Amino acid sequence: MNKKYINIKRGIIAAVLAMQSIAAVSPVTADSIEAAGLKQFTDYAVDQGYGKLQGHWAEQDIGVLYGRGGINGIPNEDGSVRFDANATITTAQFLALILQASGNNNLDSAYDWAGGVLKKSSDLGIIGGAYISYDNNRNKPITREYAAFILDRANDHIMKEPVVFPNQIDVASKVLNDIGTATTNDTTFIGTTRDVVNMQDYIGYVLAAGIMEGDNNGNFNPQSPMTRAEATAVINRLFKYTPRIDTTNLKNNYGLEVWESGVSPEIEARNNSPEVQAGREAARNKWTNR
């Protein structure tokens with residue numbers, strides 16, 4: 001094989017890889033939204049009593065996630081499907097979007113659909129293994145604070161980006177008016193091995209990471225349910241399918257600190273402690289004995 005042919009072949013391969021890279025990060029256009037198949041939804045251009053998809057503020061986010069196989073429609077009685085962008089999304093559905101968007105679709109057939117979603121999410125480290133003990137929550141609308149918790153964990157265990165913001169709660173308390181209303185002791189819902197769960201910590205993280213933000217009035221609304229449209233937006237940001245929120249303002253005006261090197265020594269020591277390891281083992285046993 002002559003040298004000229006090799007160089008041409010290398011150039012073609014490089015061009016293909018470059019195109020793939022561009023496609024992975026470029027925002028979608030109107031044409032690509034249509035190509036993604038959003039027009040199959042019966043509420044795309046017609047308001048069927050719950051809004052329409054065409055022109056919705058999250059149309060691009062929905063198109064991006066749909067094009068990546070991350071979302072499905074809601075069945076209508078006639079067999080067609082709608083998206084229902086303004087409807088609330090349950091905990092199991094929210095976790096399912098994360099699993100689908102990240103290619104973790106192989107659910108354990110020993111469980112029903114929602115149970116399989118929880119099991120897979122536990123295996124990946126997104127939720128605590130003891131979560132299965134609180135099945136009654138899986139079909140309830142997920143609140144913004146619990147979405148923050150799950151996004152934080154998914155960022156660690158799927159994206160594997162252990163960026164630490166040491167003063168995230170302090171910054172969030174300055175930016176958000178209502179972060180003090182976030183749940184501080186609810187381990188029942190989450191099922192983690194921690195004795196006390198501070199949701200303010202997770203809210204601070206997703207704010208600092210540019211995954212979620214407050215409303216125009218500076219409120220995070222921790223206990224408000226998340227909509228299907230909002231879910232597509234935050235999951236796209238989680239996986240960087242669309243750009244994350246610019247946090248320059250948090251760094252310049254609120255002194256947000258960033259440790260790029262990974263988790264702090266204190267956190268790492270705690271995660272490897274016998275107490276935490278024992279808690280994880282107990283959580284795994286809950287799955288085995290279910």
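What you are looking at is a predicted structure, and each value in this text was computed from that prediction instead of being measured.
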Exercise for review: In sequence, state the C-alpha distance, the side-chain angles, and the governing distance for Tyr146 and Ile127, and then conclude on side-chain contact (heavy atoms from CB on, under 4.5 Å).
Suggested key: CA-CA 11 Å; Tyr146 285 116; Ile127 59 175; over 6 Å; no

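- With contacts defined as side-chain heavy-atom distances shorter than 4.5 Å, the pair Asn86/His56 qualifies.
- Side-chain N or O atoms of Gln168 include one that pairs as donor or acceptor with a backbone N or O of Asp201 at under 3.5 Å.
- Nearest heavy atoms, Asn219 versus Leu176: C-CD2, 4.4 Å.
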Practice item. In sequence, state the C-alpha distance, the side-chain angles, and the governing distance for Asp112 and Arg138, and then conclude on salt bridge (Lys or Arg N to Asp or Glu O under 4.0 Å). Key: CA-CA 12 Å; Asp112 61 13; Arg138 64 186 186 177; 2.7 Å; yes

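- Expressed to the nearest 0.5 Å, how far CG of Leu97 lies from OG of Ser102 amounts to 10.5 Å.
- Using a 4.5 Å cut-off on side-chain heavy atoms (C-beta onward), Tyr44 and Glu59 make contact.
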Check your understanding: Please walk me through it: do Tyr205 and Asn155 pass side-chain contact (heavy atoms from CB on, under 4.5 Å)?
Key -> CA-CA 10 Å; Tyr205 185 86; Asn155 200 52; 2.7 Å; yes

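- The CG atom of Asp246 sits 13.0 Å away from the CZ atom of Arg244 when rounded to the nearest 0.5 Å.
- With hydrogens and angles left out, the side-chain atoms of Glu145 and Gln223 include a donor and acceptor closer than 3.5 Å.
- Linking Ile, Leu, Val, Met, Phe, Trp and Tyr residues whenever their side-chain heavy atoms come within less than 4.5 Å leaves Trp113 and Ile74 in two separate clusters.
- The distance from the CG atom of Asp152 to the NE2 atom of His157 is 8.5 Å, given to the nearest 0.5 Å.
- At least one side-chain heavy atom of Pro222 sits less than 4.5 Å from a side-chain heavy atom of Asp178.
- Judged by distance alone, the side chains of Lys120 and Asn106 do bring a donor and an acceptor atom under 3.5 Å apart.
- Annotation for Ser173 and Ile179: closest pair CA-CG2, 3.6 Å, computed over non-hydrogen atoms.
- Side-chain heavy atoms closer than 4.5 Å link hydrophobic residues (I, L, V, M, F, W, Y) into clusters, and following such links, possibly through other members, connects Tyr202 to Met159.
- Taken from CG in Leu53 to CG in Asp43, the straight-line distance is 6.0 Å, to the nearest 0.5 Å.
- With hydrogens and angles disregarded, a donor-acceptor distance shorter than 3.5 Å links the side chain of Arg153 to the backbone of Ile126.
- Pairing each heavy atom of Thr247 with each of Ala209, the nearest pair is CG2-C, 4.4 Å.
- No continuous path of ILVMFWY side-chain contacts below 4.5 Å connects Leu207 to Ile245, so the two sit in separate hydrophobic clusters.
- Under the side-chain contact (heavy atoms from CB on, under 4.5 Å) rule, Ile98 has a single partner from Ile235, Val234, Leu124, Val117, which is Ile235.
- Here the closest non-hydrogen pair linking Asn217 and Asp215 is N-OD1, 2.9 Å.
- If you chain together hydrophobic residues whose side chains sit under 4.5 Å apart, Val171 and Ile169 never meet in one group.
- Rounding to the nearest 0.5 Å places CD1 of Ile71 at 9.5 Å from CD1 of Ile89.
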Exercise for review: For side-chain contact (heavy atoms from CB on, under 4.5 Å), just list the numbers for Leu65 and Gln100, CA-CA rounded to whole Å, side-chain angles, deciding distance to a tenth of an Å, and then say yes or no.
Suggested key: CA-CA 9 Å; Leu65 203 57; Gln100 289 172 209; over 6 Å; no

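- Asn76 and Arg82 share a donor-acceptor pair across their side chains, judged by distance under 3.5 Å alone.
- A donor-acceptor pair under 3.5 Å is absent between the side-chain atoms of Asn236 and the main chain of Tyr241, judged by distance alone.
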**Study point:** Candidate pair Phe41 and Gln54, rule side-chain contact (heavy atoms from CB on, under 4.5 Å), full reasoning
**Key:** CA-CA 10 Å; Phe41 296 121; Gln54 187 178 36; over 6 Å; no

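- When every heavy atom of Asn104 is checked against every heavy atom of Ile158, the shortest pair comes out as ND2-CD1, 4.4 Å.
- Across Pro225 and Glu230, no two heavy atoms sit closer than the pair O-OE1, 4.1 Å.
- Met226 CE to Met212 CE: the interatomic distance, rounded to the nearest 0.5 Å, is 3.5 Å.
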